[in-house]
Visitor: 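Let me give you the structure first, and then I'll get to my questions.
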Amino acid sequence: MQEEYDATSVESHVQDVWNANNAFQVTEDESRPKYYCLCMFPYPSGSLHMGHVRNYTIGDVLSRYKRMQGFNVLQPMGWDAFGLPAENAAIKNNTAPAKWTYQNIDEMREQLQRMGIAYDWSREFATCTPEYYRWEQWFFTKLVEKGLAYKKMATVNWDPVEQTVLANEQVDAEGRGWRSGALVERREISQWFLKITQYADELLAETEKLEGWPDAVRTMQRNWIGRSEGVEFDFALANGPIGDVSAIRVYTTRPDTVAGVTYMAVAAEHPLATFAAASNADVKAFVEDCKQTGTSEAAMEKLEKKGVPLGIEAINPISGEAVPVYVANFVLMTYGTGAVMSVPGHDQRDFEFAKKFGLPIKQVVQSTVEPVDVTEQAFTEKTNTVAINSGQFDGLDFEACFQAAADFLAESANGDKKVNYRLRDWGVSRQRYWGCPIPIIYDKDGNAHTVPESDLPVVLPEDVAFSGVKSPIKDDPDFINTTVPGTDEPGIRETDTFDTFFESSWYYARYACPDADQMLDSRANYWLPVDQYIGGVEHAVLHLLYARFFHKLMRDVGLIDSDEPFTRLLTQGMVIAETFYRDDEGKPEYFNARELNLEYDNKGRISGATLKTDGKPVTVGRIEKMSKSKNNGVDPLEMIDRYGADTVRLFSMSDSPPHQSLEWKDGGVEGMNRFLRRVWREVSRLPDDAGQHAYEPDELNEAERALRRKTHETIAKVTDDIERRYTFNTAIASMMELFNEASRFDERGPSAFAVQHEAFSVLVRLLSPFTPHITHQMWAGLGYESALIDEAWPEVDEEALVKNSLTMVLQVNGKRRGEMIVAATASKEDCEKAAMEDDNVAKNLEGKTVRKVIVVPGKLVNIVAN
RNA sequence: GCCGAAGUGGCGGAAUCGGUAGACGCGCCGGAUUCAAAAUCCGGUUCUGGCAACAGAGUGAGAGUUCAAGUCUCUCCUUCGGCACCA
């Protein structure tokens, strides 16, 4: 072993060894427990960023650790290759999205391979290839057959200038299109949906069983599904039917407050609004105005709540009163019934709307414990309440009133008790080119026919000119024109493509059998479910919920046996860094730290920065997520060139626990590099025959015993940190402690060498999942001939952990007054007695009477006195 | 707006089940080595007072529970993630 550590040569050598042995290719093996570790696959943007590095290092640490534990480990990698960025790049660079995507994949694969992750590359695939997407087309036709996929109208963002549908991301905060700057309109078009709501109850119930998931994610999923129990019923119109509308149907979770309804609100697209708009200019203008907003929930909720009376009245079925009907911008036609009842006394949003428009507020629920004034704010409690001003329901509590009102509405207003979900069916149609074609053909009457299995895949033409924003297949006659399946009649292909969440909802299963001549084969049941899934928190709801849904669909089609796709989940935080900018004409220009000279104050904080090219100052901004737009990214490849992959991997794991954000610090990277160099040097300096000695545990001296204890404490700590806690940062810290102790150890003699050799041998194995290249070399340097990746994870010798004495803290009235060393076998009484004899304790007890003594064994003694 | 997190020294963070606040690393200060510097090594480093022993304060703000609170409860502030067509 050379004395100086050269990362570049070590890493390329070790990677060659792994590749020559296909070290990470796996097959099904019933004799060993399997472990499937998966990181969320990347969108092939063309360059690896630090978020990827962090994500994939976490997966690799867990995979390599499990391999050393004797598991048959699968860790695959592939490409989430359909999506909007390829279209944007196509417009910008005048390249076909396919070409751009495949080039990016090749570049990113190369970058990724330099990190030395233990992937089984033989399973790699890209979702934009027909070999992959044909199976989701096939699956979709099955779902159509089973009635789980259907068409209905849905709202999209329409750019009136570009004449195209925009993604929410392409609409700015003011509701303007990203390219045209025109005010975006809501438009309804017919789209395909998957009936995820049919699985809502199962998804919700099984959320409770996902014990390996973070509670925060489970809570978010639960809230997203948002199960509620309520009543759907009619408000009759006061002056008889209007057109074919004779009643306004609403859903409420508070039927106990119906008597308090003082007005109604309907969506701009509701038939009553349309009717009123025909004769009322104010309504007409308002309805038009309502369409000029984006479709995102956040945009809707932030809107100033506005409404206009329709001049129509409805009859409150409980109070019999006539109440006015408004058209309001916060009610959406596509959600629920497109109309809501309003109870300003007991709902805060209704309250604010009523105050603004001078509508009456009626209290129908009274608190039994506190005074309530519904003219001040809505009273929304449901416990310790009674109904008032509600006729026959007066005096009932929430539960009783809910039931009685529900029964009454069932009798008198077509009422129906109904379980409702906040979750809506999954709209899977996208009016975009770079996605999987939806395998549907329409006949001349517009009826949808699924493409038969024998005609699949419907291949997306890749050699297209993509210059504008419109999908080129939308007017490509070769693509569109076909025949209706089973006939000679001309037919027209669906030109919408699937939401890219479609691909990412089942890729984890395809890795089990990437070459199967069907969607999945029996190998899927060997590998699934994924034992450990790792990815960004930003996917906590949508991607993870869709994948869970898809898993159940695949189960119900008979493709797999399990109920849930991911047994354990780790959601990792972002990688963040300092930003620097100049704000000249309102639009800030961002600079990368590489372009700047940074100034520090005497405490090491950045106090200023100047641009290298002109020497003039730039503003130091806040610390934000690494992104192109903020120009604060750090290029992993540059870092690997400078320090080696092991250092970059180690730093990405060392500075904060994985679920928190990681701040990129050049100094921290250097610290990790320094650590690896020190370990390398110490290992290279060990005597050649250090591993030849042995020791008898009972014959070690105090220093040897202490180092051996530290070694085994560290095994226990690192194992727990990786396996149970996922706190890789503290695992690394404890390995550094072991190193500090082992390298400072200066005993000599056969047993001392043996203990020190054991410490380094353990350290190298514990470190190997984090920094697999350098440890591979050091393992050989320690005199071992085996390959480190085939070694077992070290085991704790419980005997080595035994301590003869313990340090205990002494407190008087909860304040620390000293510490003492006691025998490990000391009883509570012994500890109490010894504590009283401590000088500083005695001083602090002067003139006081001891009231109580609390002894926490092995920790502290607290004496309460006054 | 709704849902979910986070807030601790100069900085990133540690404190795992209510029991020593600040592990480990960075930075900074001092020293060794060097013609000098880089690199490396050794020591110190929450703040205030003190030569020290030690004392006081201290985990976003404010209350509360407890012998004991960074940790539990309530109220509030700030920042971040998601909100269904970014992935």
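Lettering follows sequence order; numbering is per chain, from 1.
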Visitor: When we call it a touch if two heavy atoms are under 4.0 Å apart, what does A:Phe501 touch: a base, just sugar-phosphate, or nothing?
Guide: base
Visitor: Quick one: look up who B:rA63 pairs with, Watson-Crick or G-U, both distances under 3.5 Å, and put none if it's unpaired.
Guide: B:rU73
Visitor: Provide the Watson-Crick or G-U wobble partner of B:rA14, both distances under 3.5 Å; none if there is no partner.
Guide: none
Visitor: Does the structure show a Watson-Crick or G-U wobble partner for B:rC83, both distances under 3.5 Å? Name it, or say none.
Guide: B:rG1
Visitor: Scan every strand shown for a Watson-Crick or G-U wobble partner of B:rU33, both distances under 3.5 Å, and answer none if you come up empty.
Guide: none
Visitor: Indicate yes or no: at least one non-hydrogen side-chain atom of A:Leu801 is less than 4.5 angstrom from one of A:Glu713.
Guide: yes
Visitor: Under 4.0 Å: is that the gap between some side-chain N or O of A:Lys815 and OP1 or OP2 of B:rA57?
Guide: yes
Visitor: Taking B:rA57 as the reference, what is the distance to B:rG70 when you measure between their C1' atoms (whole Å, please)?
Guide: 16 Å
Visitor: Looking at B:rA39, I'd like to know if its phosphate oxygens (OP1 or OP2) sit under 4.0 Å from a side-chain N or O belonging to A:Arg674.
Guide: no
Visitor: Please determine if A:Glu162 and A:Arg179 form a salt bridge, counting it only when a charged side-chain N lies under 4.0 Å from a carboxylate O.
Guide: yes
Visitor: Would you tell me if any nitrogen or oxygen in the side chain of A:Arg678 comes within less than 4.0 Å of OP1 or OP2 on B:rC41?
Guide: yes
Visitor: What I want to check is whether an N or O donor and acceptor connect the side chain of A:Asn168 with the base of B:rC85 at under 3.5 Å.
Guide: no
Visitor: Report the base-pairing partner of B:rG58 (Watson-Crick or G-U wobble, both distances below 3.5 angstrom), or none.
Guide: none
Visitor: So, under a plain 3.5 Å distance rule, would you say the side chain of A:Lys717 forms a donor-acceptor pair with the base of B:rU16?
Guide: yes
Visitor: So, is A:Arg725 near the phosphate of B:rA15, with a side-chain N or O under 4.0 Å from OP1 or OP2?
Guide: yes
Visitor: Going by purine N1 to pyrimidine N3 plus the second Watson-Crick contact, or the G-U wobble pair, all under 3.5 Å, which nucleotide sits opposite B:rA68?
Guide: none
Visitor: Reckon A:Arg424 has a side-chain N or O less than 4.0 Å from the OP1 or OP2 of B:rA84?
Guide: no
Visitor: Is B:rC51 paired to anything, Watson-Crick or G-U wobble with both distances less than 3.5 Å, and if yes, which nucleotide?
Guide: none
Visitor: Counting only side-chain N and O atoms of A:Arg817, is one of them less than 4.0 Å from OP1 or OP2 of B:rA55?
Guide: yes
Visitor: Is B:rC17 syn or is it anti, if syn means the base angle is within 90 degrees of 0?
Guide: syn
Visitor: At 4.0 Å (heavy atoms only), tell me whether A:Ile854 reaches a base, stays on the sugar-phosphate, or touches nothing.
Guide: base
Visitor: Taking atom types as they are modelled, is there a donor-acceptor pair under 3.5 Å from the base of B:rU16 to the side chain of A:Arg724?
Guide: yes
Visitor: Paired with B:rA6 by Watson-Crick or G-U wobble geometry, both distances under 3.5 Å: which nucleotide is it?
Guide: B:rU78
Visitor: Look at atom NZ of A:Lys355 and say whether more than 12 heavy atoms of other residues, nucleotides or ligands are closer to it than 6.0 Å.
Guide: yes
Visitor: Ignoring backbone atoms, establish whether A:Asn223 has a side-chain N or O less than 4.0 Å from OP1 or OP2 of B:rG82.
Guide: no
Visitor: When you measure from the side-chain N and O atoms of A:Thr500 to the phosphate of B:rA87, is any distance below 4.0 Å, counting only OP1 and OP2?
Guide: yes
Visitor: Any donor-acceptor pair, under 3.5 Å, between the side chain of A:Gln431 and the base of B:rC85, if you only look at N and O atoms?
Guide: yes
Visitor: Is A:Asn840 close enough to B:rA55 that one of its side-chain N or O atoms is under 4.0 Å from OP1 or OP2 there?
Guide: yes
Visitor: Syn or anti for B:rG9, with syn set at within 90° of 0?
Guide: syn
Visitor: Separation of A:Ile576 atom CD1 from B:rA5 atom P, in whole Å?
Guide: 19 Å
Visitor: Can you tell me if the side-chain N/O atoms of A:Arg222 get under 4.0 Å from OP1 or OP2 in B:rG4?
Guide: no
Visitor: Between B:rG12 atom C1' and A:Phe728 atom CZ, what is the distance in whole Å?
Guide: 18 Å
Visitor: Looking only at N and O atoms, is any donor in the side chain of A:Gln191 or the base of B:rC85 less than 3.5 Å from an acceptor on the other one?
Guide: yes
Visitor: Any chance you could lay out the salt bridge (charged side-chain N to carboxylate O under 4.0 Å, His left out) test for A:Glu737 and A:Lys717, step after step, and finish with the verdict?
Guide: CA-CA 11 Å; A:Glu737 285 184 46; A:Lys717 167 83 175 146; over 6 Å; no
Visitor: So does A:Arg681 get a side-chain nitrogen or oxygen closer than 4.0 Å to the phosphate oxygens (OP1/OP2) of B:rC41?
Guide: yes
